[in-house]
Peer 1: 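Have a look at this one before I ask anything.
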Amino acid sequence: MLELRKDIFADERDDNLKEIGKGTQRQDMLGHVTGTSTYFGDHKLQGMLHLKVVRSSHAHARLRRIDTSDAERSQGVRRVIRGADVPRNLNTLLSLINFGKDDEPSLAVDKVRYNGEPIVAIVADSEREAFEAIAKVRIDYEPLPTVFDVEDALKPGAPVVNETYPKNTFTYHDVYDHQKLRFGDADAALATADHVLEQRYQMSPIEHAPTETNGAIAAPDTNGRYVVYTSTQALFFSVDTCAKILDVPSNTFHFIGGTVGGGFGGKVDTLTEPLAILGAMLTGRPVRYVFGREEEMQYGPPRGAERIYIKDGVMRDGRIVARKIRAYFDSGAYTRLSSYAAVKCAAHLPGPYTIPNVYGDVYCIFTNRTPATAMRGFGVTAMDFAIECQMDKLAHLVGMDPMEFRILNAYRDGDMKAHRREAKNTALIECVQVAAEKAKWPIREEFRRASSRKDGGGSRAAIPPTPTESRARPAAPTQQRTTYDRLPPTVTREPPPPTPPPPSPRPAAPSHGATRFSSVFGTRRR
Amino acid sequence: MTRHRGRGMASINYPIGMNLGGDPSQALVHSNPSGKFTVALSSIDLGQGMKSVTRQICAETLGVPVEDVYVDTADSDTGPHCMGSFASRGTHRVGNAVMAAAREARGVMMEAAAEELEVNAADLETDGRGNIHVKGAPHRSISTKDVAIAAQFKQGKTISGRGIFLVPLSDVDPETGEMSPATCYAHACLVAEVEVDDETGEVAMVRMDSAYELGRALNPRLVEQQLVGGAWMGVSHALYETPEPYYPDPVHGPRDFVEYLMPGPGDICPHDIAVLERPAPDGPFGAKGPGEMCANPVLPAVANAIFNAVGVRIDDLPITPEKVLRAIKAQGGARPQARR
Amino acid sequence: MSVTVKTFTSSSEAAAALSSDRSARYLGGGTLVMRALNEGDISISTVVRANDQALSRIDASGPRITLGAGVTFARILAERDLAFLHAPARSIGGPAVRNMGTVGGNLFAPSPYGDFTVALLALDATVAVQGGFGARDIPIEEFLQSRERQAGTLVLSVSCTRPASADAFRYRKVARIKPKGGSVITLAAHLPISGGRIAGARIALGSMAPTQIRARAAERALEGRSLDAPSIAAAASAASEGTSPSDNALGSAWYRREIVGVHLRRLLSGQE
Amino acid sequence: MSKTPLQFRHNGRDVAIFVDGGTNLLVALRELIGDMTPKFGCGQGGCGTCSVLVDGELHLSCLTLAETVAGRSVETLDSLKQGPNLHPLQRAFADNFAAQCGYCTPGMLMAAKALLDRNPQPSRAEIVEAISGNICRCTGYEPIINAILAASGGRASA
């Protein structure tokens with residue numbers, strides 16, 4: 001049941017519109033209910049071949065030998081594709097926006113870095129014949145030590161997952177193994193806070209599970225071009241990725257898609273198009289490469305896991321004065337898009353609240369698991385879980401109603417956000433008020449009267465003095481320049497404040513019986 | 001008493017468009033000789049309603065009925081570049097590109113109509129029903145069909161428009177993280193009520209109440225689809241889903257829809273939604289994007305409701321019955337908090 | 001090579017074809033064999049079918065009922081005389097799977113499937129099989145324990161004694177997803193009452209061991225006693241004894257051991 | 001490769017095709033007959049997107065050996081629309097915005113039809129049961145349940 005609250009912010013809108021705001025039927029609904037909407041897999045081409053891949057059975061191993069001779073002779077096999085057949089067998093998705101280094105082969109050559117990594121592709125007359133040939137590919141693995149935990153991956157001596165990033169971390173700004181966010185002096189504020197609460201949060205990976213699996217059909221077309229029917233969520237992303245991997249001009253391809261059976265972020269990675277096209281190039285026949293469901297679930301990229309540590313300082317009156325966050329994105333064996341999500345996550349800190357001292361370190365970590373990718377709420381979903389669970393605990397700690405606690409700390413128009421941009425067009429307070437009203441959750445009058453458009457700015461608009469961290473900058477960038485390093489970094493000019501005294505350790509005595517917090521809990525400073 | 005009810009809430013915001021910008025989308029709009037319009041895109045409809053929402057944006061901007069507009073996507077030979085359907089960028093980025101293209105096409109259409117009606121284009125307006133008339137003089141009118149015929153066959157004009165929308169790429173300061181991540185944000189608050197079985201750790205959804213601020217609901221039915229389906233996904237993320245049930249140990253990964261857990265039609269609960277509209281200055285008609293953020297408040301609201309019900313905090317997603325049961329046992333039993 | 005389909009009119013011919021070919025699998029409702037083929041299981045190159053009417057026969061008139069191996073769950077649900085088996089039949093899949101899946105196939109369904117078999121185990125069913133050496137009846141428990149070796153045999157039917165009353169047989173499938181989900185654990189209890197005392201208690205569990213098993217300790221706790229709070233509590237606390245559950249995507253061994261007693265108590269005491 | 005002749009009724013029309021051994025009904029319908037309305041979602045029997053009616057009973061075409069429908073009647077979503085008129089279920093799905101990506105819709109509609117053919121006035125619980133073998137990842141099921149209720153003359157509300 002959906003109710004439009006036109007009464008709120010009415011003065012900011014012109015509702016005199018004809019088509020906008022109407023619940024017009026979807027353009028695609030008739031196609032959907034009659035089954036005539038055309039998805040990539042609904043294209044039937046004469047003489048179509050089927051492509052299946054041989055996947056690694058090890059999470060981390062050197063490939064000593066790949067023997068495809070029996071597979072090549074297997075009935076119905078038209079072509080066996082190896083890494084050497086891929087014109088540019090190393091890519092990273094965001095190289096299209098010049099972010100990050102090529103780190104992922106289309107077909108593994110000398111090493112596999114996750115269980116299920118593609119090693120060989122078989123193009124055959126039927127799926128059955130492709131499966132039969134797959135069983136005939138012999139691969140000699142030399143297993144290597146694995147690492148699956150993001151914090152283990154950072155430890156000295158941890159197995160190197162991806163040699164492009166030997167520290168198992170993505171490199172930011174050529175020098176850092178994480179993205180920083182610095183706003184004010186969080187440590188100083190924590191030292192003077194009434195309560196400090198430090199917590200650990202964890203989100204396991206999540207699978208997109210669209211009802212239509214990833215797939216593509218590629219076929220030779222006239223003029224040396226290839227037509228490609230695809231489930232992609234990002235048509236030109238896929239076109240340009242294929243052009244790079246296959247080393248041909250992008251107008252070699254005619255991509256057709258746009259009607260996709262669910263994506264949720266899981267169809268951004270251009271997983272099937274390059275090999276389907278390569279298969280079509282090598283055989284001269286239409287080639288179809290579609291994930292089975294188990295492939296989609298286990299080897300299609302998930303929303304990556306995240307581990308988040310939050311340390312907050314809160315005053316007895318409910319004001320949060322400091323928030324320190326350390327977050328680890330589990331990127332799996334390759335970068336894909338996690339590097340980007342970490343920056344988005346840093347920008348999102350400290351959530352929709354005005355906190356005068358914020359400190360964030362966000363890491364993109366490599367482990368021996370299926371590479372992660374974007375998903376609905378990318379970079380934010382797990383952080384919001386952590387922040388909002390933390391907010392509930394803080395409210396509990398100071399004895400405030402959680403709704404009122406949100407309103408008290410909510411960002412308002414004119415406030416300075418931690419990424420140093422003014423908050424505008426905010427509406428968190430109104431959402432809390434309306435949700436409370438709908439849920440018949442009583443909040444006090446002063447909180448019912450609060451407004452995103454009032455009481456912001458002023459001292460809340462200031463950028464607080466922020467301590468600088470000393471570090472030796474390398475003389476010259478040692479790595480590929482990214483879009484993020486085109487300008488010299490601006491270093492905050494304020495001198496560092498005197499180091500605050502270290503907080504005295506106190507026994508973690510829960511102030512109420514119900515909760516068991518894992519670390520520092522409710523340590524009173526005054 | 002083995003089942004306990006509890007309520008929890010969470011409030012969130014969400015950035016619209018690709019972080020830092022630098023993610024353009026283009027649109028082409030043109031009329032056929034009968035005054036029917038085609039929007040050519042390369043954007044993807046994954047079910048979120050891309051085709052439908054851009055169609056309404058185009059119709060509104062042109063001043064023609066929605067039936068006179070058809071959105072054709074996605075073909076890399078005919079549709080101009082679009083970064084893709086992700087990062088809540090569809091409505092905002094593509095919508096703006098379509099608006100720009102439709103504005104340009106409308107300009108030509110109004111000029112062509114002005115020539116036919118022998119007036120100044122600035123004195124004309126559309127009625128949204130397929131006609132263009134002189135302001136204040138509805139009888140001095142011409143149909144968009146007749147304008148299109150005249151433009152094409154008499155005046156030699158193409159009623160068409162090009163649009164692009166680009167939020168320029170922001171730099172990121174390596175030391176402070178100073179950056180311009182997004183130009184606008186959507187907001188939400190959600191209250192979840194759950195029932196927790198303290199002997200099995202099972203959590204059942206009882207109901208949800210929510211408020212979402214989305215700039216403008218361009219099509220409330222499409223918004224409702226996103227919010228209802230997105231909240232379901234939020235419940236799913238909160239309580240059920242993962243391809244690695246023993247993360248970080250990668251064992252026992254699900255292989256099918258029986259092993260990969262998502263709430264079934266018997267697990268859903270009533271959900272009352274309010275939509276608020278604070279227009280984004282740079283959104284098409286003020287719109288932001290509801291598609292991604294709708295799931296996010298559900299996860300913590302459910303976790304907080306579980307605490308309210310039985311007094312345990314589960315900080316690891318998904319919140320499986322096992323985690324709840326272990327926590328209850330470690331605590332020595334359920335400790336219901338004050339009812340909300 | 002494509003798959004060869006061999007269709008026979010008699011079950012004995014089908015059984016012979018099955019036992020003589022290691023790559024042959026018998027196709028019942030398709031939910032196991034067709035899935036395997038779709039997923040690229042190349043160990044199957046022959047699919048054996050039988051159109052024998054006997055395989056789809058239901059004999060539900062007397063005190064002992066017999067279900068042909070090819071009887072689908074939907075047919076059981078349509079049979080009023082089989083009301084005691086409706087709960088387990090309804091717990092299988094969604095409607096389409098129930099229209100296709102068969103009693104015989106369920107005996108071979110690997111974990112987390114095979115819930116109907118839990119009910120049959122509690123009912124002390126007998127499995128009639130036809131192998132290379134002719135037909136014979138095997139107690140279901142023995143059949144399950146030797147299931148790996150039954151690949152070349154054809155199940156013809158399953159039979160069991162009808163419970164004396166609706167109360168005497170209870171079934172519960174614990175699933176995360178409603179109304180259709182994979183089993184976390186599945187419980188079935190047959191508690192014949194004689195003179196106010198339980199005589200011949202049978203409790204069967206699914207997902208508590210590599211195959212469906214009997215909870216003998218719980219059975220002993222009930223045997224000869226009346227079904228009351230103390231005996232139920234004793235059975236519940238003995239429920240996990242002798243079990244060897246494992247971790248899987250639906251739950252861990254620890255969790256299964258923790259809740260099996262809770263659910264057994266609820267099942268026996270008639271709680272939700 | 002040996003092919004097996006197969007004849008059956010497809011949406012009221014007799015069809016004759018040749019299938020490879022082991023071909024499932026979904027492949028036969030889509031690739032040999034050209035009826036693209038049933039979709040591939042998993043090939044495992046877990047999603048219901050390939051649902052069709054075989055002699056009026058809901059079946060998963062991906063788990064149906066094509067040869068087993070010889071002489072039987074197979075109905076797909078393509079059979080629902082009569083000329084220009086949508087079936088009441090199709091109309092109700094549209095009116096209730098019960099499709100987003102649309103990929104599960106053919107299977108959902110067949111599951112709904114199988115229900116209403118036997119039980120024209122189902123309860124909400126019966127509807128939930130009837131679609132329990134069909135996965136929808138977009139809608140959260142509520143609009144689908146409401147659509148089926150509406151098509152059966154019930155009230156479209158929670």
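Predicted model, so just to flag it, every value in this text is computed and none were measured.
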Peer 1: Of the non-hydrogen atoms in A/Phe148 and A/Ala59, which two are nearest, and what is the gap between them?
Peer 2: CZ-CB, 3.7 Å
Peer 1: Against chain A, label B/Ala188 side chain, backbone, both or neither, depending on which of its atoms sit under 4.5 Å from a heavy atom there.
Peer 2: backbone
Peer 1: Please rank B/Leu299, B/Leu276, B/Val302, B/Leu227 by heavy-atom pairs under 4.5 Å with chain A and give me the top one.
Peer 2: B/Leu276
Peer 1: Relative to chain B, which of A/Lys22, A/Lys424, A/Lys6 shows the most heavy atom pairs under 4.5 Å?
Peer 2: A/Lys22
Peer 1: Nearest heavy-atom pair of B/Arg216 and A/Asp15: which atoms, and what distance?
Peer 2: NH1-OD1, 2.8 Å
Peer 1: CE of B/Met9 to CG of B/Asn308: how many Å apart, nearest 0.5 Å?
Peer 2: 12.5 Å
Peer 1: Under a 3.5 Å distance rule, please check whether A/Glu19 uses its side chain to pair with a backbone N or O of B/Gln56 as donor and acceptor.
Peer 2: no
Peer 1: What are the two closest heavy atoms between A/Asn115 and A/Thr370, and how far apart are they?
Peer 2: O-OG1, 4.3 Å
Peer 1: Name the member of A/Ala234, A/Pro205, A/Ala436, A/Ala10 that forms the most heavy-atom pairs with chain B at distances under 4.5 Å.
Peer 2: A/Pro205
Peer 1: Contact part of B/Pro254 toward chain A, heavy-atom cut-off under 4.5 Å: side chain, backbone, both or neither?
Peer 2: both
Peer 1: Using a 4.5 angstrom heavy-atom cutoff, name the option from B/Gly177, B/Ala211, B/Ser76, B/Ser52 with the most pairs to chain A.
Peer 2: B/Ser76
Peer 1: So which residue, B/Ile44, B/Val66, B/Ile57, ends up with the most heavy-atom pairs under 4.5 Å with chain A?
Peer 2: B/Ile44
Peer 1: Output the option from A/His32, A/Arg303, A/Gln25 having the highest count of non-hydrogen pairs under 4.5 Å with chain B.
Peer 2: A/Arg303
Peer 1: At a heavy-atom separation under 4.5 Å, does B/His271 approach chain A through its side chain, its backbone, both, or neither?
Peer 2: backbone
Peer 1: Counting heavy-atom pairs under 4.5 Å to chain B, which of A/Lys267, A/His348, A/Gln233 comes out on top?
Peer 2: A/Gln233
Peer 1: Please determine, among B/Met262, B/Met293, B/Gln225, the option with the most heavy-atom pairs under 4.5 Å with chain A.
Peer 2: B/Gln225
Peer 1: Could you check whether the rings of A/His419 and B/Tyr185 sit parallel, tilted or perpendicular, using 30° and 60° as the cut-offs?
Peer 2: parallel
Peer 1: So for B/Asp256, is it side chain, backbone, both, or neither that comes closer than 4.5 Å to the heavy atoms of chain A?
Peer 2: backbone
Peer 1: With respect to chain A, which residue among B/Asp272, B/Leu190, B/Val64, B/Val298 yields the maximal number of heavy-atom pairs within a distance under 4.5 Å?
Peer 2: B/Asp272
Peer 1: Who are the side chain to side chain donor-acceptor pair (under 3.5 Å) partners of A/Asp152, not counting sequence neighbours?
Peer 2: A/Lys155
Peer 1: Contact part of A/Val432 toward chain B, heavy-atom cut-off under 4.5 Å: side chain, backbone, both or neither?
Peer 2: both
Peer 1: Does any backbone or side-chain atom of B/Arg278 lie under 4.5 Å from a heavy atom of chain A? Answer side chain, backbone, both or neither.
Peer 2: both
Peer 1: Quick one: what part of A/Phe183 sits under 4.5 Å from any heavy atom of chain B, side chain, backbone, both or neither?
Peer 2: neither
Peer 1: Checking A/Ser452 now: which residues fulfil side chain to side chain donor-acceptor pair (under 3.5 Å) with it, not counting sequence neighbours?
Peer 2: A/Glu430
Peer 1: Sort A/Arg26 into side chain, backbone, both or neither according to what part of it lies under 4.5 angstrom from a heavy atom of chain B.
Peer 2: both
Peer 1: Checking heavy atoms, do the side chain of B/Asp282, its backbone, both or neither come under 4.5 Å from chain A?
Peer 2: neither
Peer 1: Let me know if A/Ser231 has heavy atoms under 4.5 Å from chain B in its side chain, its backbone, both or neither.
Peer 2: neither
Peer 1: Assess whether side chain to side chain donor-acceptor pair (under 3.5 Å) is satisfied between B/Ser11 and A/Tyr353, documenting all intermediate values.
Peer 2: CA-CA 10 Å; B/Ser11 59; A/Tyr353 305 104; 2.9 Å; yes
Peer 1: Checking heavy atoms, do the side chain of A/Ala374, its backbone, both or neither come under 4.5 Å from chain B?
Peer 2: neither
Peer 1: Please confirm whether the backbone N or O of B/Gly215 pairs with a side-chain atom of A/Arg13, one donor and one acceptor, at under 3.5 Å?
Peer 2: no
Peer 1: Measure the CG-OG distance between B/Asp45 and A/Ser37 for me, rounded to the nearest 0.5 Å.
Peer 2: 9.5 Å
Peer 1: Please determine, among A/Ala305, A/Pro210, A/Ala346, the option with the most heavy-atom pairs under 4.5 Å with chain B.
Peer 2: A/Ala305
Peer 1: Can you tell which part of A/Met203 gets under 4.5 Å to a heavy atom of chain B, answering side chain, backbone, both or neither?
Peer 2: both
Peer 1: Side chain, backbone, both or neither: which part of B/Ser210 has a non-hydrogen atom closer than 4.5 Å to chain A?
Peer 2: backbone
Peer 1: Before you tell me yes or no, could you show the steps for B/Glu241 and B/Ser236 under side chain to side chain donor-acceptor pair (under 3.5 Å), namely the whole-Å CA-CA distance, both residues' side-chain angles and the distance that decides it to 0.1 Å?
Peer 2: CA-CA 6 Å; B/Glu241 290 186 47; B/Ser236 192; 2.4 Å; yes
Peer 1: With a 4.5 angstrom heavy-atom cut-off, which part of A/Tyr411 approaches chain B: side chain, backbone, both or neither?
Peer 2: side chain
Peer 1: Between A/Lys440, A/Lys438, A/Met403, which is the residue that forms a side-chain contact (heavy atoms from CB on, under 4.5 Å) with B/Val191?
Peer 2: A/Met403
Peer 1: Kindly state whether the ring of B/Phe307 and the ring of A/His396 have centres lying under 6.0 angstrom apart.
Peer 2: yes
Peer 1: Given that the side chain runs from C-beta out, which part of B/Tyr70 has a heavy atom under 4.5 Å from chain A: side chain, backbone, both or neither?
Peer 2: both
Peer 1: For chain B, which candidate among A/Val434, A/Leu235, A/Asp392, A/Leu181 shows the most heavy-atom pairs at distances under 4.5 Å?
Peer 2: A/Asp392
Peer 1: For A/Gly377 and B/Glu292, which heavy atoms make the closest approach, and how far apart are they?
Peer 2: N-OE2, 2.7 Å
Peer 1: When heavy-atom pairs shorter than 4.5 Å are enumerated against chain A, which of B/Gly79, B/Pro250, B/Gly286 gives the highest number?
Peer 2: B/Pro250
Peer 1: Quick check: are there more than 12 heavy atoms from other residues, nucleotides or ligands sitting under 6.0 Å from CZ of B/Arg340?
Peer 2: yes
Peer 1: If I measure from the heavy atoms of chain A, does B/Met233 come under 4.5 Å with its side chain, its backbone, both, or neither?
Peer 2: side chain
